[in-house]
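Remarks on the structure that follows.
Small disclaimer: the values here were computed from a predicted structure and weren't measured. What you see below is based on every heavy atom in this structure, not just the backbone, and it leaves out hydrogens, waters and symmetry mates.
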Number of protein chains: 2
Amino acid sequence: MTTSKSEVAYALVSERIVNGAYSPGYRLVLGTIADELGCSVVPVREAIRRLEAEGLVHFTRNVGATVAQVDSTLYLHTMQTLAVIEPAATALAASAMDEAWLAKAQDLNDQMRQCLEAFDPVAFTELNNEFHQQLYSQCPNPHILDLVQRGWRRLAAMRASSFTHIPHRARQSVEEHQHLLELIRVHASPREIEEAARAHRTNTLNAYLAQANMDPSVI
Amino acid sequence: MTTSKSEVAYALVSERIVNGAYSPGYRLVLGTIADELGCSVVPVREAIRRLEAEGLVHFTRNVGATVAQVDSTLYLHTMQTLAVIEPAATALAASAMDEAWLAKAQDLNDQMRQCLEAFDPVAFTELNNEFHQQLYSQCPNPHILDLVQRGWRRLAAMRASSFTHIPHRARQSVEEHQHLLELIRVHASPREIEEAARAHRTNTLNAYLAQANMDPSVI
DNA sequence: GCACACTAGATCGTATACGATTTGATGTAC
DNA sequence: GTACATCAAATCGTATACGATCTAGTGTGC
């Protein structure tokens, strides 16, 4: 056995939460998952407590675990956290962004632009995830990288439950990506890159707030 | 029983790592800790895996856990992470900083100043921790708050192993705290507060780099 | 003397079992 | 009909046990 059962359990439950198979509020019963995996409850329990630490599940002693409920406040808090960390990760990664990197990022954004013409929001969302992953992928600080990845996983879990959709924001998003790529191409300072990345995330957050008719002060 | 045994185990091991009783590299043997706590290995194992997720312990399958080794790179990565998150947390907390809050923060910084006169580095460090905790304590975003607290716990664990000491930086630190408090007192914008807090953290980081004769580019 | 195979002890990983706790339903008093 | 006590089913928390795996030490061939 090369991977432990608790790892398998973690991967399974994690994947199902992130892709939406387990919706927010879904009750995670240890015995049920253990039966499905053909193992005992101990490794399942361990996996679930790890997911709790990540914020993907809510856990109550002697009661059990459920997939974390998503409300607008939680969504905004997650967006806000990413708005802090992703720009920093991007700026730190800047020095590692070479021509090959730029070409791939540019290609992803070009594909996103095509999705706009083709009215394909599903592919657009997928490409957007990839683009952002590309942005921070070269971050040399593993702690910061880990935080960004966890944040995006949470965001993915929330979006899988079709909680958000801001269609009219898509086109502006592509342009902001492009602006960011130009800054990287001309070797702008890390600070400039960070600011541009933060502006991008803040704009997305504000677009959501506006759509939901929420006051920016709620966060 | 009001708290579970895994919570007790987590609290015990965590405390010992943070206060330095368990030094980096210390071998955490499940059975030994279980015996000491008078419980079985299962809850201890759970506690240790949680500490692993926090980055305080290093864990290898089928081999066991050790307290995370601290090297300068790890230390710098942790400092860098805090340099991103703590200023954001402070800026977000700004609106909740009232007169009572200011009075307490000012008092802490005044005590730090007195420690300088009295040449009491131990008390100074303790007060510094309290001051920073006060800075981000009112942060309304629980995710960001959690990240800052974890970062400081890691830093505390590293410092407990007397890895760092930058005496000549102390006085400047107090002045930077004071500057930050003035900005808060006059209700400066969140952005200004964030920038000042970040400058403070960046200066601390650079002071360490200079003392260690390291090039800032190492990070 | 060095490299490699082997063995024994230590330690981990997880199955099983059972007591503890919670929850929701049922029954009873008012 | 409402409030509260009671009880049973579901589920969790952890002790115990044992097989699996790693590590270090020993021995053997060269």
Side-chain angles (χ1 to χ4, degrees), chain A residues 1-17 21-71 146 157, chain B residues 1-17 21-71 146 157:
Chain A
M1 192 190 327
T2 173
T3 58
S4 71
K5 300 196 175 182
S6 75
E7 296 294 334
V8 174
Y10 175 84
L12 177 88
V13 179
S14 171
E15 165 65 16
R16 289 189 179 174
I17 292 174
Y22 289 161
S23 302
Y26 183 88
R27 181 78 187 280
L28 298 167
V29 178
L30 298 184
T32 306
I33 297 171
D35 289 346
E36 186 177 357
L37 279 165
C39 71
S40 75
V41 297
V42 179
V44 176
R45 179 184 161 82
E46 180 176 306
I48 284 181
R49 302 259 359 205
R50 274 213 282 159
L51 289 165
E52 184 206 8
E54 261 188 76
L56 288 178
V57 316
H58 178 76
F59 189 89
T60 311
R61 175 170 158 69
N62 283 324
V63 174
T66 55
V67 177
Q69 288 286 358
V70 181
D71 61 11
D146 184 53
Chain B
M1 193 192 322
T2 173
T3 57
S4 72
K5 299 195 175 181
S6 76
E7 296 295 333
V8 174
Y10 175 84
L12 177 89
V13 179
S14 171
E15 165 65 17
R16 288 188 179 174
I17 293 175
Y22 289 160
S23 302
Y26 182 88
R27 180 78 189 280
L28 299 168
V29 178
L30 297 185
T32 307
I33 297 171
D35 288 347
E36 185 177 359
L37 279 164
C39 72
S40 75
V41 296
V42 179
V44 175
R45 179 183 161 82
E46 181 174 307
I48 284 180
R49 302 271 341 216
R50 274 213 282 159
L51 289 164
E52 184 205 10
E54 262 188 76
L56 289 177
V57 317
H58 178 75
F59 189 90
T60 310
R61 175 170 159 71
N62 284 324
V63 175
T66 55
V67 177
Q69 288 286 357
V70 181
D71 61 11
D146 185 51

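- Residues B:Val67 and B:Leu28 are in side-chain contact: their nearest non-hydrogen atoms beyond the backbone lie under 4.5 Å apart.
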Might you list the N or O atoms of the protein lying below 3.5 Å from N or O atoms in nucleotides 9-12 of chain C, with each pair's distance?
residue	atom	partner	partner atom	Å
C:dC12	OP1	B:Leu30	N	3.4
C:dC12	O3'	B:Asn62	N	3.3

Give the table of side-chain donor-acceptor pairs shorter than 3.5 Å for residues 6-14 of chain B, with sequence neighbours excluded, one pair per line with atom names and distance.
residue	atom	partner	partner atom	Å
B:Ser6	OG	B:Ser4	OG	3.3
B:Ser6	OG	B:Glu46	OE2	3.2
B:Glu7	OE1	B:Arg50	NH2	3.3
B:Glu7	OE2	A:Arg49	NH2	3.4
B:Glu7	OE2	B:Arg50	NH2	3.4
B:Tyr10	OH	B:Glu54	OE2	2.1
B:Tyr10	OH	B:Arg153	NH2	3.3
B:Ser14	OG	B:Arg153	NH1	3.0
B:Ser14	OG	B:Arg153	NH2	2.8

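- Taking atom CD of residue A:Glu46 and atom P of nucleotide D:dC12, one finds them 16 Å apart after rounding to whole Å.
- B:Ile48 and B:Val57 make their closest contact through O-CG2, 3.7 Å (heavy atoms, listed as atom of the first residue, atom of the second, distance).
- Looking at every heavy atom in both residues, B:Gln69 comes nearest to B:Gly25 through NE2-CA, 3.2 Å.
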| query | Could you walk me through whether A:Arg16 and A:Glu36 pass the salt bridge (charged side-chain N to carboxylate O under 4.0 Å, His left out) check? | reply | CA-CA 13 Å; A:Arg16 289 189 179 174; A:Glu36 186 177 357; 2.8 Å; yes
